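Bear in mind the structure is a predicted one, so any value in this text is a computation, not a measurement. Side chains are part of it too, since the values below use all heavy atoms of this structure and drop only hydrogens, waters and symmetry mates.
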Amino acid sequence: MRIFIFLYLLIVPTLLFSQEKPASKNNLDMNTKYSSITDTVKKKQSKIAKIDQYQIITLEHDTIYADTSLTIKSAYKQNHLRKDLFGLLEFSNIGQPLNTLQYSLTSFSPYPEIGFTAKHSNYMRAEDIRYYSAATPFTELFFNTTINKGQNVDSFITLNTSKNLNFSIAYRGLRSEGNYINQLVSAGNFRFTTSYATTNRRYALNAHYTYQDNLNEENGGITTPADFESDNPDFKNRQRLQVYLTNAESFLKGRRLFFDHAFRINPTHGNNNLYINHQFNYENKAFEYKQPTVLSTVDGEQVQRFGESYVTSNINDHTRFERLYNRVGAAYENSLLGKFNFFVDDYRSNYEYGKIIIYKDGTIVPNNLYLQINNFGAQYEYQKNKWNGRFLYSRSITNQSLSDLDAKLRYNLNEKIQFDFRYRNINKLPNNNYNLYQSSYVQYNWSNNFKNEKINSLGANVYTPWLNAEVNYTVLNDHLYFRDASSAAEVVAQTQIIKPAQYGNVINYLEIKANREFKFGKFALDNTLLYQKVDQSDLILNVPDFVTRNTFYYSNYYFKKALFAQAGVVFNYFTKYYGNDYNPVIGEFFVQDKKEIGNFATIDVFLNARIRQTRFYLKAEHLNALFSSGNYYSAPNNPYRDFVIRFGLVWNFFQ
């Protein structure tokens, strides 16, 4: 009821203020049609700002424009990550780890990261940060309800103090209690950016600072799946389901200072230009796992869920990671030939713990991993007529063996048809937590020297008014993963021991994905289908064969076109497979072959509306959970989300 009252209070005043003469269709006047709904008094001689004067710029200097439209594609992004989650499987609470259904969504870097990849779904990388240029101050407010107590908000404002200088500041906050015992999520992402360029564009700078933290209460999953799958109404109250951990939590935090700038040697821009460029990235992270009560209780008996520990209570594992990256280059730009950039970089990282472990047999688990790597590389960019390409190659010149070849090519046949091609060949160092990890749990300590992973991928995308399709083929050598190393006796005792491992055989992965929207007047059917095939000797890389999303909806204008609304239903489904399980001690998913998940559908019913720059979203998620059996899991022992009604909005202001 609170949701409907809130929606009423928002829509009614908006409709009252919207009864005015519509703006001319010949231009986009930010002071009329696209102004804030609170702007009831108009200045007679106010300047007109076009929508293309509100630019959003990526790290690679690709530019898009602010978008206040309401489409089914924008509705898919109404979630805590502000992106389409097709190919990713959420847990029961918002902000928990995301299981991967589509393997090609995995990102790769030749440099080693801290690891704990399951905890990074809410963490924004340097390439995720956007920079801006705005004709007038531009604000966006995002709100979404969560599971039980909590809220999800994202507030953002950007402004140009002059034509040359822009600032933006943003904060995303998430707090969601969840339905199960010990499942609270609390996360924050603070971002500050600035962009500067001289009037003649001789010098240009993009810089940002971020502080991010992600707290997850960890319950380790339910102990008795039979209770969840039963029709016993007592267990519809999820607080009655027993979990392995009642007071454990994990915490990831990180700070980053980043800037990327370039200076043109020649005073004026011409057909031939020479640049000096520099990129700087300093970041420190920390991951903590705390578990005050070591023993778990299952059906009245005490269980060592993660094996023996060095302490009897108050487990407190700390991992710290610090990275410094500098890249200096010189670029030559020719109006006919394109742009050539040659660079050298310096990467230094320190991954550390507070102690050294020495076993009786002389085996040592050190307290840190320090790396210093220098690379030499070149990048070529070409843009002419219908062709656009970017080709990068880098290789280490120090003792470590790593390399990266990334070739992208785009061909625009016309304004509506586009072809993209990409080839990637990476020889990457393992993430640090594969080679070193320390914990209060005895069997969660290791020191390894794994070989580099080798990844070859070839992909092609086509975008047309009739069909969007992509094909990816990937070959993995020396693939690193986490495995279940529990013995038969430990499995019976419900003890879970996870270890890193490297697969010596080749894995071949094929993906075909297609999207097509059919329109019948005011009705539409949006379809996305994913097919995957893995060729491997053992069950290491596990994904479902088919994943589909089908959305049938109706769109129309109301109140003399002051209100635009969409209503429909979303059908999601993926086939059964051995989905990866999740381990909270190491913050990672691991390979298992004991329980299949999938072969269940979720049905969502939604109502979306737009009034000027304000979009409203009302959704009944997983409606069929009200009458279907409890066979829906995101990972073994971790159920998928139950039925819930959620409300959200996105509100833009152009001052």
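- Aromatic ring pairs are classed by plane angle as parallel below 30°, tilted from 30° to 60° and perpendicular above 60°; the pair Y441 and F306 is perpendicular.
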request  = Applying salt bridge (Lys or Arg N to Asp or Glu O under 4.0 Å), run through R323 and E283 and close with a yes or a no.
outcome  = CA-CA 5 Å; R323 175 180 61 188; E283 187 167 25; 2.3 Å; yes

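- Judged by distance alone, the side chain of R202 and the main-chain N or O of I265 form a donor-acceptor pair under 3.5 Å.
- Side-chain contact, N266 with N273: a donor N or O sits under 3.5 Å from an acceptor N or O.
- Applying the side-chain hydrogen bond (donor to acceptor under 3.5 Å, both in side chains) rule to N367 yields no partners; only residues at least two apart in sequence or on another chain are considered.
- Taking the side chain as every heavy atom from C-beta outward, T100 and V543 never approach each other to under 4.5 Å.
- Taking the six-membered ring where the residue is Trp, F419 and F421 present parallel rings, their angle staying beneath 30° rather than reaching 60°.
- Within the 4.5 Å cutoff, no side-chain heavy atoms of N638 are placed close to those of N99.
- A donor-acceptor pair shorter than 3.5 Å cannot be found between the side chains of Y123 and N189.
- K119 and N214 share no side-chain donor-acceptor pair at under 3.5 Å.
- The aromatic ring centroids of F156 and Y132 lie less than 6.0 Å from each other.
- Note: H80 NE2 to L174 CG = 6.5 Å, rounded to the nearest 0.5 Å.
- The two residues T63 and Y65 have their closest heavy-atom pair at CG2-CE2, 4.4 Å.
- Taking the six-membered ring where tryptophan is involved, the planes of F589 and F91 are perpendicular, since the angle between them exceeds 60° and thus also 30°.
- Between I315 and D317 the shortest side-chain heavy-atom distance falls below 4.5 Å.
- Open room surrounds CZ on R395; 12 or fewer heavy atoms of other groups in view lie less than 6.0 Å from it.
- Summarising the geometry of F391 relative to A407, their closest heavy-atom pair is CD2-CB, 3.5 Å, with the distance given to 0.1 Å.
- Every residue was checked against the ring pair (Phe, Tyr, Trp, His ring centres under 6.0 Å) condition with H318, not counting sequence neighbours, and none meets it.
- Of the possible polar contacts, one joining the Q592 side chain to the G579 backbone as a donor-acceptor pair under 3.5 Å is found.
- Residues P366 and S447 meet the side-chain proximity criterion, which asks for heavy atoms closer than 4.5 Å.
- One N or O on the side chain of R256 and one on the backbone of M124 form a donor-acceptor pair closer than 3.5 Å.
- For the pair E453 (side chain) and P430 (backbone), a donor-acceptor distance under 3.5 Å is absent.
- At least one donor-acceptor pair closer than 3.5 Å links the side chain of N432 to the backbone N or O of E113.
- We find the CG-OH distance between L257 and Y209 to be 8.5 Å, quoted to the nearest 0.5 Å.
- With hydrogens and angles disregarded, no donor-acceptor distance shorter than 3.5 Å links the side chain of S486 to the backbone of E490.
- When the side-chain hydrogen bond (donor to acceptor under 3.5 Å, both in side chains) test is applied to D128, the partners found at least two apart in sequence or on another chain are R125.
- The ring-ring contact (aromatic ring centres under 6.0 Å, His included) test with Y437 is passed by exactly one of Y444, F482, W446: W446.
- Under 3.5 Å, the side chains of Y347 and D345 contain no donor-acceptor pair of N or O atoms.
- V591 places none of its side-chain heavy atoms less than 4.5 Å from the side chain of L539.
- A side-chain donor from one of N272 and Y332 sits under 3.5 Å from a side-chain acceptor of the other.
- Counting only distance, with no hydrogens or angles, the side chain of Q96 and the backbone of E90 share no donor-acceptor pair below 3.5 Å.
- Between Y196 and Y203, the ring planes lie tilted relative to each other; the angle falls in the 30° to 60° range.
- Checked for salt-bridge contact, D420 and R422 miss the test: no charged N lies under 4.0 Å from a carboxylate O.
- Heavy-atom minimum distance, K499 versus N445: NZ-O, 4.3 Å.
- Here the closest non-hydrogen pair linking F116 and N433 is N-ND2, 3.2 Å.
- Using cut-offs of 30° and 60° for the angle between ring planes, the F259 and F280 rings count as parallel.
- Ring planes of Y509 and Y103: perpendicular class, angle over 60° (limits at 30 and 60°).
- At distances below 3.5 Å, not a single donor-acceptor pair connects side-chain atoms of E511 with backbone N or O atoms of Q102.
- Residues that satisfy the ring pair (Phe, Tyr, Trp, His ring centres under 6.0 Å) test with Y578, not counting sequence neighbours, are absent from this structure.
- No donor-acceptor distance shorter than 3.5 angstrom exists from the side chain of S168 to the backbone of I157, with no hydrogens or angles considered.
- Donor-acceptor pairing under 3.5 Å is lacking for the side chains of N472 and S457.
- Inter-residue side-chain proximity for F590 and E588 is flagged as unmet; no heavy-atom pair is nearer than 4.5 Å.
- Contact detail for I373 and P112: the closest heavy-atom pair is CD1-CD, 4.4 Å.
- Using modelled atom types and a 3.5 Å distance limit, the side chains of E322 and Y282 yield a donor-acceptor pair.
- You'll find the side chain of Q443 stays beyond 4.5 Å of the side chain of E308, heavy atoms only.
- Distance check: Y382 OH to F340 CZ gives 10.5 Å after rounding to the nearest 0.5 Å.
- Taking the ring pair (Phe, Tyr, Trp, His ring centres under 6.0 Å) definition, one finds that Y370 meets it with nothing, sequence neighbours left out.
- For H479, there are no ring pair (Phe, Tyr, Trp, His ring centres under 6.0 Å) partners, not counting sequence neighbours.
- Atom CG of N200 has more than 12 heavy atoms from other residues, nucleotides or ligands within 6.0 Å.
- No donor-acceptor contact under 3.5 angstrom links the side chains of S440 and S309, judged on distance only.
- Formation of a donor-acceptor pair under 3.5 Å by the N448 side chain with backbone atoms of F450 is not found in this model.
- Remark: K253 does not engage D213 in a salt bridge, criterion side-chain N to carboxylate O under 4.0 Å.
- For the residue pair Q379 and E381, a side-chain donor N or O sits within less than 3.5 Å of a side-chain acceptor on the partner.
- Remark: the T199 side chain and the N164 side chain contain an N/O donor-acceptor pair separated by less than 3.5 Å.
- Using cut-offs of 30° and 60° for the angle between ring planes, the F258 and H208 rings count as parallel.
- Side-chain contact check for D538 and Y503: at least one donor-acceptor pair (N or O, by modelled atom type) lies under 3.5 Å.
- Closest approach of N281 to A126, counting heavy atoms only: ND2-CB, 4.1 Å.
- No side-chain heavy atom of D484 sits less than 4.5 Å from a side-chain heavy atom of D581.
- Side-chain polar atoms of E218 and S250 form a donor-acceptor pair below 3.5 angstrom.
- For the residue pair Q400/T398, the side-chain donor-acceptor check at 3.5 Å is satisfied.
- By the neighbour-count criterion of 12 heavy atoms within 6.0 Å, atom CG of N399 is sparsely surrounded, having that number or fewer from other residues, nucleotides or ligands.
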